Protein chains: 2
Amino acid sequence: MTGTFGLVTLYVSADIKNILIILSEKNVIVKQKNVTLADVARADGVSAKTVSRVINNTDYVSAETRSQILQAIDQLGYRPNRMARSLASNRSFIIGLVIPDVTNPFFPEIMRGVEHAALERGYNVLVYNADLDDQRERQGLTLLEETRVDGVIVCTMKLADDELRSCLQRHRASVLINRVMPGGPAGIVRVDLFHSMGRVVQHVLDSGRRKIGYLAANRSVMSYSSQQRLWGFEATMKANGLLVDPDYIRSCAAAVEDSLRTARQLLTDHPDIEALICYNDMIAAGALEACAERGIPVPDQVAVTGFDDIMFSSVFKVALTTVHVPKFELGVRAAQMLFERIDGHPTESEVVLNAELLIRQSTGPRRKEV
Amino acid sequence: MTGTFGLVTLYVSADIKNILIILSEKNVIVKQKNVTLADVARADGVSAKTVSRVINNTDYVSAETRSQILQAIDQLGYRPNRMARSLASNRSFIIGLVIPDVTNPFFPEIMRGVEHAALERGYNVLVYNADLDDQRERQGLTLLEETRVDGVIVCTMKLADDELRSCLQRHRASVLINRVMPGGPAGIVRVDLFHSMGRVVQHVLDSGRRKIGYLAANRSVMSYSSQQRLWGFEATMKANGLLVDPDYIRSCAAAVEDSLRTARQLLTDHPDIEALICYNDMIAAGALEACAERGIPVPDQVAVTGFDDIMFSSVFKVALTTVHVPKFELGVRAAQMLFERIDGHPTESEVVLNAELLIRQSTGPRRKEV
DNA sequence: ATGAAAGCGCTAACAC
DNA sequence: GTGTTAGCGCTTTCAT
């Protein structure tokens, strides 16, 4: 083929589809696109297998051959095709991570933990954000299966036990974060949501408050995590001889806007409320806003608590009392547990990490004179 | 093969490696693992290609055959292998998204936009979080290349122009968010960072303030985005006949903790400061904290501004004046632009979306009596 | 220490 | 409408 581009005439003999022509100011670079293992092998006069040995660091290859191959790889701009590699080896070195909502700062921290542990082991992480939609949860799990990831880490979701179990069953290995599944195929890494919420509630009751509102997070179905926290609340109330009026429990989406609306309504319906216990920090942010709007002093009149200890909980209108959950660590441990399972040597089936009550300004003694 | 498990004797004739035996309380389920297209075809007595037609919805297949195949797929639990599919078709239907920091709520919103647009087009999104590390940025771009994604969307990063250009060059299609690259291979979707920051500064100056501190975000290298915002600040100061004292400009990591430290120091060094202009909302959160610690009233004594309008900026100690950036939209447009490029019909090379000054409580008239 | 051949699961380009 | 034949780019046997 002959073509004239500006002042340059190119003579190209190879397959035209595989040629990449780069024109910069002073020079013309003709490169082959889609360079394959075979191309590298050909350039070096060795077999494909030898090149494969070099890029995978398996078996011995003479130092000389190796460096020559490395050089050719660099020169040709070769990048191994992961798809082909996975297909042939039946291993993708990718793990999947399904999270319900990236916009909740709780999950990005888990992501970071998973990534950290994965990178260390030479794995890559494919993150799927379900965006609070249970249809998307299904889609994510299916996509990851089609991608033939080596394993999946799933954060607490709305999928029912049965469906989730059968989804996980289909994966080579799986780990659940903050969700239990007795007799399920998955490893479990979690904190004790029930008792942690209990500690929050006890802390609030200890300051002499009795009329307690609860802001729950649930749309259609209640997740395991919503359930545990709510039960923790109820159990602690009961343990203190207090009745829980169902009208003091409201639910909303785990987002600032929605919880603000819900908190407003609750405060209007029950102006005598002395504390707002929230499912998580995002909801607590809305609760604090609602109090601020109404000029309700926190904690002098109303105490507010969150859960998770997201990065921003200390800079809210009032620094938030919450439960510090080791998010990064949760991610790291989940990944490690997954690798054990991928390798076929699971040592533990469940790990419970510590979560600690973190007392800041949004709780404390009630000042009656208000 | 014959094996005795408990009371059950199994006679299995197929390849033992491909058998999955599920023992539940009452029954034994023998399933084939790793079901392939060929298995489905065999079960139905049709050719592989016909099955392929059904799962891809290409060409016509008689309704009867189709429903039979669908049934067999369901019964066998078949899941197409994306790796094999990509390898054969040279299309992955995956796009890559590289973001610098998931823990900054700015990026999750972009993610959602990209995902939204991608899902609509049948694409999946592989997110790579560089975790504020330029080495990780490289790794991400390389991983995506090895994965043979159909295109990449890259959010403003620290990689130098030359290196980024050559990375993008290697991809089939690419779009940059909030970063320009003249003559580069990538499409561009951005907001006008320079002028938006200018508007923020003008707004602050208009309230009569003159001693302005600037909290920049940069570690080793300044990103395009850091640069634009800083320049916007400097240009507006100059346009108002004000000198910028370099010691009023400090830089820190874009995280609450670090900006708190930096803001403290700046306020100590220059107690006469009247405003803190921040690179983004996360840094502004730290600035507000520093003011709160010192009992400095905002905005009566010091005004504080952010940039991005992250979800939490309205619930900070003082509701933050900031620039509302259409994050979701940025993601959607970037994805759409990428698809045009993947399809080989790019219509636009650069799109500039509107960003608006959002005035909340952290700015306003200075109250001299303080 | 290196190579040859087969095949991973799928799609593409043709047949029929 | 449906089947056949080749690969896609790599790893795996098994040779040598």
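Bear in mind that the values here come from a model prediction, so they are computed numbers and not experimental data. Chain letters run A, B, ... following the sequence lines, proteins first and then strands; every chain starts at 1.
Closest to the B:K49 side chain, of the nucleotides D:dT2, C:dC10, C:dA12, is C:dA12. Distance from the side chain of B:T36 is smallest to C:dC10 among C:dT11, D:dC10, C:dC10. The listed nucleotides are C:dT2, D:dC10, C:dG3; the one nearest the side chain of A:V46 is C:dG3. Side chain of A:A84, nearest nucleotide from D:dG9, D:dT11, C:dT11: D:dG9. With distances taken from any side-chain atom of A:S52 to the nucleotides C:dG9, D:dT2, D:dT11, the minimum falls on D:dT11.
Close to D:dG3, at under 4.0 Å from its OP1 or OP2, lies a side-chain N or O of B:S47. Close to C:dT2, at under 4.0 Å from its OP1 or OP2, lies a side-chain N or O of A:S62. Note on A:N56: a side-chain N or O is less than 4.0 Å away from OP1 or OP2 of D:dT11.
Of the two residues contacting DNA chain D, namely A:R82 and B:T65, the nearest-nucleotide position lying further toward the 5' end is that of B:T65. With the nearest nucleotide of DNA chain D identified for both B:R148 and B:G45, B:G45 has the one nearer the 5' end.
Between B:D161 and B:R179 there is a salt bridge, since a side-chain N of the basic residue sits under 4.0 Å from a carboxylate O of the acidic one.
Listed for the A:D133 side chain is no donor-acceptor partner under 3.5 Å among the backbone atoms of A:A130. The backbone N or O of A:S92 lies less than 3.5 Å from a partner atom in the side chain of A:D150, making a donor-acceptor pair. Remark: side-chain polar atoms of B:E340 are paired, donor with acceptor, to backbone N or O of B:T347 under 3.5 angstrom. The backbone N or O of B:A38 sits less than 3.5 Å from a side-chain atom of B:T36, completing a donor-acceptor pair.
Atom-to-atom, CG of B:N57 to P of C:dT11 comes out at 12 Å; the value is rounded to the nearest Å. We find that CD1 of B:I55 is positioned 14 Å from C1' of C:dA12, with the value rounded to whole Å. The CZ-C1' distance, from B:R42 to D:dT4, rounds to 16 Å in whole Å. Atom pair A:F93:CZ and D:dC10:C1' shows a separation of 14 Å (rounding to whole Å applied). Computed from coordinates, the B:R91 CZ to D:dG7 C1' distance equals 19 Å when rounded to whole Å. Between the CE atom of A:M83 and the C1' atom of D:dG7 there is a distance of 18 Å, rounded to whole Å. Atom pair A:L37:CG and D:dG9:P shows a separation of 10 Å (rounding to whole Å applied). Atoms CG (B:L87) and P (D:dA6) sit 18 Å apart, rounded to a whole Å.
Across all strands, A:S86 comes closer than 4.0 Å to no nucleic acid atom at all (heavy-atom distances). Among the atoms of the strands shown, none is found under 4.0 Å from any heavy atom of B:N90.
Each of B:R172, B:R170, B:R138 was checked for a salt bridge (charged side-chain N to carboxylate O under 4.0 Å, His left out) with B:E145, and the lone residue meeting it is B:R170.
Side-chain atoms of A:R53 and base atoms of C:dG3 include a donor and an acceptor less than 3.5 Å apart.
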